[in-house]
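Notes to accompany the following structure.
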Amino acid sequence: QILCFSATWPKKVQTLTEDMMPKAVHIRVGAESHEGITGNQDVRQHVRLLRREEDRFKELCKILRSHQAEASIIFCGLKKTAAALSR
């Protein structure tokens with residue numbers, strides 16, 4: 001069994017899944033309209049613009065500590081970043 005998750009759906013990801021999983025089931029979260037796919041309107045998003053990588057990491061750690069959630073999903077570009085965040 002193969003599972004593929006993507007927060008975005010660029011052409012490269014589509015091609016990869018079509019090659020590896022010709023009978024794939026595609027589940028989309030959000031509504032499709034003439035403006036594209038929109039997320040759930042009940043979800044609040046906060047944006048913080050931080051230039052330096054170390055500032056981003058510190059800010060994310062601060063946010064995670066302040067919410068003390070049971071579980072969180074964070075998309076990281078590197079395994080070492082994910083490992084550092086999990087500590």
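Along the sequence shown, residues carry numbers from 1.
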May I have the list of side-chain donor-acceptor pairs in residues 75-86 shorter than 3.5 Å, sequence neighbours left out?
unit_1: Ser86; atom_1: OG; unit_2: Ala83; atom_2: O; d: 2.7

Leu49: which residues meet the side chain to side chain contact (heavy atoms under 4.5 Å, CB included) condition with it, sequence neighbours left out?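 Counting only residues at least two positions away or on another chain, Leu49 forms a side chain to side chain contact (heavy atoms under 4.5 Å, CB included) with Val47.
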How would you list, by chain and number, every residue that makes a side chain to side chain contact (heavy atoms under 4.5 Å, CB included) with Lys11, sequence neighbours excluded?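 Testing Lys11 for side chain to side chain contact (heavy atoms under 4.5 Å, CB included), a comparison that skips the adjacent residues, returns Gln14, Thr15.
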Single-linkage hydrophobic cluster Leu64~Phe57, side-chain heavy atoms < 4.5 angstrom: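 Yes, because Leu64 and Phe57 connect within a single hydrophobic cluster, where side-chain heavy atoms sit under 4.5 Å apart.
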Pairing residues for Arg48 by the salt bridge (Lys or Arg N to Asp or Glu O under 4.0 Å) criterion, not counting sequence neighbours: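 By the salt bridge (Lys or Arg N to Asp or Glu O under 4.0 Å) rule, Arg48 matches Glu59.
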Suppose we screen for side-chain hydrogen bond (donor to acceptor under 3.5 Å, both in side chains). Which residues come up paired with Glu18, at least two apart in sequence or across chains?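 If we apply the side-chain hydrogen bond (donor to acceptor under 3.5 Å, both in side chains) test to Glu18, skipping adjacent residues, there are no hits.
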Could you list who else is in Ile63's hydrophobic cluster, with ILVMFWY side chains joined at under 4.5 Å, directly or through other members?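 Joined to Ile63, directly or through intermediates: none.
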